Amino acid sequence: MVKKDEYLEDSFLGSREAVKSMPKETMPEEGMDPDLAETLIKHIRLDEAKADQNFATFCTTQMEPQANELMLEALNTNSIDKSEYPKTAAIENYCVAMLGHLWGLDESKKFIDDYIGTSTVGSSEGCMLGGLGLLFSWKHRAKKAGIDIDDLHHHRPNLVIVSSYQVVWEKFCNYWNVEMREVPMDPQTLSLDMNTVMDYVDENTIGIVSIQGITYTGGIDDAQKLDELVEAYNQKHPDLPIHIHVDAASGGFYCPFVEGFKPWDFRLKNVVSINASGHKYGMVYPGIGWVVWRENSEECLPHELRFAVPYLGGTVDSIAINFSRSGAHIIGQYYNLVRFGKEGYHDIMENNHEVATKLSEKLNSYDIFEMVHTGAGNNLPIVCWKLAEDAKVKWTLYDLEDKIKEFGWQVPAYPLPAIKGVDKTITVARVVCRPAMTMTICDDFIEDLDESIKELNKKFN
Ligand SMILES: *Cc1c(COP(=O)(O)O)cnc(C)c1O
């Protein structure tokens, strides 16, 4: 006769482990069976595995199986170790060159051996590097122009940016002791105010950031107009010209593939650097961004940002802030670029646009909402709205956020940053339409939105 615990050995639900709580505060003395560890960790994550219902994030939640496999194979590589993984390093350079060309660099020039950019962990690292490029090159210019850059009382460097900046710019300014000069949003465009922006500029300005895809609303700064204003300023101040960095975290992988966007990139003379998130519309899983400079010159990409790394075997140049990190995401990015091509990205982004248009029209049709940013027209597919002034409802967008969450959807509500001449707080809700949001998902969401609004009207009347 077999003993009880022998024939029950394979029954997980009958095991003692199934009723034990998982270690939390302290590391356990003894380990556990690998299958068991896998199962229990899956159980911890049960209620967070609905990434495709998360309309708050810009980040990729789906890649093709072929990309998954390529990335899994590359997971154990180290992208910084360019002598151990020279092909990954080469592929990183191909991506940088392709992006440079996509963003308006001279098509006849070759950049793969030129180190005009780098992959990063995300746009945050890209912004940080772009900002540092502005800071160091300003220091060089200012010194030459006879400014005492150590006299922080009179010459503390400053950065000019719209009030609806992404938090990384606040980090940049805090970390490097740069004064942030926030320009309140233009009330009409809810973006960088072209009537006032140049009032914020002086000899200590390291640069102006132009945002191609404002996180809060999905709007974009008028980079072309900004470039004209900056050019006029620079004509008068040839010793201390202003540089523009474009934060294209979301627009960088969208605008090149969709017609209708005004020039925002290296086609504009005073744009020196651009960052984008590979894990947003670049369609790679979270963990990759890019920053590219106009050229490999002291004026654009000062030497302080470049480091020769001798201890990995063979000296290689590195621009990144982070050091070791898997090469998987670089491989995933290259896969997407060559697998989809410009045509593929175009089709995907157009589909996205169609979904965003439908959702915008639906929201408009309720008569209680006012669109702050519609995904229709020549826009990023980001849908942002507020309650209309005359809406006869007693609930708020925060109530809607809670209600729609009961159906599994995440639609954040939050206040907008400072707008010129507007005192009261404006609360908005936002849906980021991503490639993973098919029309089927959108239709399903709209049904639940209808139901949510009905329930809210009943509850608050
Ligand atoms: C998302 C975003 C960032 C930060 O990007 P990560 O890739 O998440 O680090 C910076 N700027 C803007 C405008 C963004 O939308």
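Both counts, for ligands and for their atoms, begin at 1 and track the order of listing. This structure is a prediction, so every number in the text was calculated from the model and none was measured.
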Quiz item: Do you know which two heavy atoms are closest between Ser137 and Glu298, and how far apart they sit?
Solution: CB-O, 4.3 Å
Quiz item: Does Gln212 reach ligand 1, in the sense of a heavy atom lying below 4.0 Å from it?
Solution: no
Quiz item: Among all protein non-hydrogen atoms, which one is nearest to atom 6 (P) of ligand 1, and what is the separation to 0.1 Å?
Solution: Ser123 N, 3.4 Å
Practice problem: Could you tell me how the ring of Tyr233 sits relative to the ring of His237: parallel (under 30°), tilted (30 to 60°) or perpendicular (over 60°)? | Solution: parallel
Quiz item: Considering only heavy atoms of Thr215, which atoms of ligand 1 have at least one such atom less than 4.0 Å away?
Solution: 12 (C), 13 (C), 14 (C), 15 (O)
Quiz item: Which is closest to atom 1 (C) of ligand 1 in terms of heavy atoms, Gln166, His279, Lys280?
Solution: Lys280
Exercise. Please state whether Gly213 comes within less than 4.0 angstrom of ligand 1, counting heavy atoms only.
Key: yes
Practice problem: Mark up the atoms of ligand 1 that fall under 4.0 Å of a heavy atom belonging to Ser277, in ascending order. | Solution: 5 (O), 6 (P), 7 (O)
Quiz item: Is atom NZ of Lys362 surrounded by more than 12 heavy atoms (other residues, nucleotides or ligands) closer than 6.0 Å?
Solution: yes
Exercise. Would you kindly specify which portion of Ala249 sits under 4.0 Å from ligand 1, judged on non-hydrogen atoms: side chain, backbone, both or neither?
Key: side chain
Quiz item: In the protein, what heavy atom is nearest to atom 11 (N) of ligand 1, and what distance, to one decimal place, separates them?
Solution: Asp247 OD2, 2.7 Å
Quiz item: Under 6.0 Å between ring centres, would you say that holds for His155 and Trp138?
Solution: no
Self-check item: ring pair (Phe, Tyr, Trp, His ring centres under 6.0 Å) pairs, two or more places apart, involving residues 54-76
Solution: Phe55-Trp409, Phe55-Phe445
Exercise. Select one of side chain, backbone, both or neither to describe which atoms of Val121 lie under 4.0 Å from any atom of ligand 1, heavy atoms only.
Key: neither
Practice problem: Name all residues meeting the ring-ring contact (aromatic ring centres under 6.0 Å, His included) criterion together with Phe111; count only those two or more places apart in sequence or in a different chain, and write none if there are none. | Solution: His101
Self-check item: ligand 1 atoms in contact with Ile211 (distance to a heavy atom under 4.0 Å)
Solution: 13 (C)
Quiz item: Any heavy atom of Glu125 sitting closer than 4.0 Å to ligand 1?
Solution: no
Quiz prompt | Residue, atom name and distance, where the atom is the protein heavy atom closest to atom 9 (O) of ligand 1 | solution = Ser124 OG, 2.6 Å
Exercise. Check whether NZ of the Lys or CZ of the Arg Lys87 lies under 6.0 Å from the centre of the six-membered ring of Tyr85 and within 45 degrees of that ring's axis.
Key: no
Quiz item: Parallel under 30°, tilted from 30 to 60°, perpendicular over 60°: which one fits the rings of Tyr94 and Tyr334?
Solution: tilted
